[in-house]
There are 2 protein chains.
Amino acid sequence: MKKKGNKELVGVKEIARRANVAIATVDRVLHNRKGVSEKTKAKITAIIEELNYKPNILARRLASKEILRFAVMIPSVSEETDYWDAPLEGIKQAESEIATYGIEIDKYFFDQNDRSSFLKASDEILKKKYHGILLAPMFAQESESFVRECTKAGIPCVFINSDLPDTASLCYIGPDLYHAGALAAHLCGYLIGEKANVLIVNISEIDNHRHFLRKEQGFKEYFEEYRKENNVIKLDIRDTAEQAISRELKKALESNKIDLIFVANSRVFYVAEFFEKYKIKNVKLVGFEFLKKNVAYLEQGVIDFLICQKPIEQGYKGVMALYQYCVHDIKVKDVHYMPIDIITKGNYQFYSN
Amino acid sequence: MKKKGNKELVGVKEIARRANVAIATVDRVLHNRKGVSEKTKAKITAIIEELNYKPNILARRLASKEILRFAVMIPSVSEETDYWDAPLEGIKQAESEIATYGIEIDKYFFDQNDRSSFLKASDEILKKKYHGILLAPMFAQESESFVRECTKAGIPCVFINSDLPDTASLCYIGPDLYHAGALAAHLCGYLIGEKANVLIVNISEIDNHRHFLRKEQGFKEYFEEYRKENNVIKLDIRDTAEQAISRELKKALESNKIDLIFVANSRVFYVAEFFEKYKIKNVKLVGFEFLKKNVAYLEQGVIDFLICQKPIEQGYKGVMALYQYCVHDIKVKDVHYMPIDIITKGNYQFYSN
DNA sequence: CTGAAAGCGCTTACAG
DNA sequence: CTGAAAGCGCTTACAG
């Protein structure tokens, strides 16, 4: 049981002593508050540097009466897909870890098929003056103008799930969409022959969200570069009703000999359901996301590969990035790409992110 | 900028007030220290329960003069393989995060080919009375008796990298070795035909560490169950000198037509070097661990798959488990299996754990 | 067995 | 523009 103590005392007290000022003045300089003459400020700053002073975060948060408030803005979990459960879980995990530091998190949910719900949430958030915002920027234009307002107000924004490259913000935590698509294509190489035909299926109720398109681009360009012999075609289904999906898939499979289907979003289970219903066995299936329904089909061997990018961790790290920035004054790196995880029948039991 | 304050005051002060005792007495009960009469102890305990009191960890660590000391005991990084760099990195990361809580970590390294170095380190650790120990239990017997001593002294032990199932301890964080081997086998299915021959190569200077054997078992049993047609044979190489490895591999490849080689530990790069030197192109290669040398051969297409289980995270989580237990009094779950990650040419750039 | 008081390293009114 | 003092929720000698 060694004791603390023999450490050099480098705290506000020592700084104040050396600068020959009161502790409160040191505090003012430390937090860049006004009401300090340039002269004393310079003197104190010099001493801080010299001593390589690091504030004690424990003491700071314990003494501070201020509550830090973050806002989280992500799609609501729909009946159709529970994908967003995962990031939310990570967010809650982070929340419980940092609650002791006097941090509170408000959650706002929008409908990813409805721009206006996104606008409504972002307006509310702007009114409330948060210390930081975690955001899935599903709608490009709206997100951009929202972040612009935040930046003006000095509020840091973190993106998860998909990026908005040219938008100034604290950081992005999520997939490199292009390479995720390219990896999917690479995996297809293990499943099909040299002359096989590949069908990209996009099931989505509204205009393609650009992040799905980016994955498709990675997928296609991989084939163009490494597997020229394969024929890749695309089918758009703008409807998530079972009948419509069945009809479209049937049509596509009848008019082409398809050896593999690739779905760039989480809705690969629709195709698997279709395979099951119509007893289609010899078409390979590759898709995204560790949803219960998807995993069930992976287990049964209907889906061959799922690609997943740690949605829980995205939520967790997103919140922690805000925490690091606001509490510890640590700027995380601009872009944090998640690993591209490959899930098969052989390892899904151990996937947990 | 909302303020704290309107919270119900549930701290030692309030407990002391209600119990009509001094704060110090509440503290004694809270920490199970002796010197409190049964009667007052019962009264205070009841109030603590009633109030659902949770101590403020910030205040506790700030006020406490005691330093918590953890010991870490893992293999040293050898020239031959830098695998253990990764767990160490995770350990250091955790260390820097929790340093502010007054926690210090001492690191002990042993030679994984030398039992006596393991014993030496464990003896030193026992003498020093740590608050917690993180351990790679490479040597089964020695580890068991070491943990027995720790348990006697009330010191929690966390295992990483490989487990010792029947040894009482705080928890295990690492791979499910059997299923890691089985996944390797599953991946081989994508690479070889139905009648192909598979060679398991074990390169190791000393008796097989049991955790490599466990992986091999998973690998073999997968083939026995799902790919009966394939012939699986095994080659032991008890030497890490290049010449010896070349000689043995050559012999094996000459006397059998081998389509795929599987290496259950991190030394798959030796086989890749051999392939490169002798221009062997049509033998597939599957192995473990994200070492620089392995990744280089993955990039070149010499190695087809690497399996990896987040060594950095194992180190990080191992330390954090001790921290959670010793500081927050949170018991983590007994066994925390890591995901089994599949690394290919298509996703290695994004692997970071 | 029990209590009063100082202190951990900060922040925060308040006074000047 | 600056300072003295109280307080955040605990722990720790010390005294009785």
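These figures come from a predicted structure and were not determined experimentally. Each chain gets a letter, A, B and so on, in the order the sequences are listed, and its residues count up from 1.
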Residue pair Lys310(A) / Tyr351(A): nearest heavy atoms and the distance that separates them
N-OH, 3.2 Å
Which atom pairs, donor and acceptor, lie under 3.5 Å between side-chain atoms of residues 52-60 of chain A and protein residues at least two apart or in another chain?
residue: Asn52(A); atom: OD1; partner: Lys54(A); partner atom: NZ; Å: 3.3
residue: Asn56(A); atom: OD1; partner: Leu58(A); partner atom: N; Å: 2.9
residue: Asn56(A); atom: OD1; partner: Ala59(A); partner atom: N; Å: 3.0

Atom CD1 of Ile44(A) and atom C1' of dT2(D) are separated, to the nearest Å, by 10 Å
Exactly one of Trp84(B), Tyr172(B), Tyr83(B) should register a side-chain hydrogen bond (donor to acceptor under 3.5 Å, both in side chains) with Asn161(B). Which one does?
Tyr83(B)
Between dC10(D), dC10(C), dT12(D), which nucleotide has the shortest distance from any of its atoms to the side chain of Asn56(B)?
dC10(D)
Closest listed nucleotide, where the reference is the side chain of Ala24(B) and the choices are dG9(D), dC10(C), dA13(D):
dA13(D)
Checking Arg61(A) side chain against Tyr101(A) main chain: does a donor-acceptor pair fall under 3.5 Å?
yes
Are the side chain of Lys41(A) and the backbone N or O of Val36(A) linked by a donor-acceptor pair below 3.5 Å?
no
Whole Å only: how far is the CG atom of Leu62(A) from the P atom of dT12(C)?
12 Å
With a 4.0 Å cut-off on heavy atoms, is Ile23(A) in touch with a base, just the backbone sugar-phosphate, or nothing at all?
base
Presence of Thr40(A) side-chain N/O under 4.0 Å of dT2(D) phosphate oxygens OP1/OP2:
yes
I need the CD1-P distance between Ile57(B) and dC10(D), as an integer number of Å.
9 Å
Which nucleotide wins on minimum distance to the side chain of Ala63(B), given the candidates dT2(C), dG7(C), dT12(D)?
dG7(C)
G-U wobble or Watson-Crick pairing nucleotide for dA15(D) (cut-off 3.5 Å, both distances):
dT2(C)
Could you tell me the separation between the CZ atom of Arg17(B) and the P atom of dA4(C), rounded to a whole number of Å?
15 Å
Protein-nucleotide distance (Leu30(A), atom CG; dC10(C), atom C1'), rounded to Å
10 Å
Is the distance from OP1 or OP2 of dT12(D) to the nearest side-chain N or O of Ser64(B) less than 4.0 Å?
yes
Hey, does the side chain of Ser37(B) come within less than 4.0 Å of dT2(C)'s phosphate (OP1/OP2), counting only N and O?
yes
Most 5' of Val21(B) and Lys13(A) on DNA chain C, judged by nearest nucleotide
Val21(B)
What integer distance in Å separates Arg28(B):CZ from dT2(C):C1'?
6 Å
Using the side-chain heavy atoms of Ala22(B), tell me which of these nucleotides is nearest: dG3(C), dT12(C), dC10(C).
dG3(C)
Can you tell me how far C1' of dC1(C) sits from CG of Asn32(B), to the nearest Å?
16 Å
Distance, rounded to the nearest Å, where Lys54(B) contributes NZ and dC10(D) contributes P:
12 Å
First encountered from the 5' end of DNA chain D, between Tyr53(B) and Thr25(A)
Thr25(A)
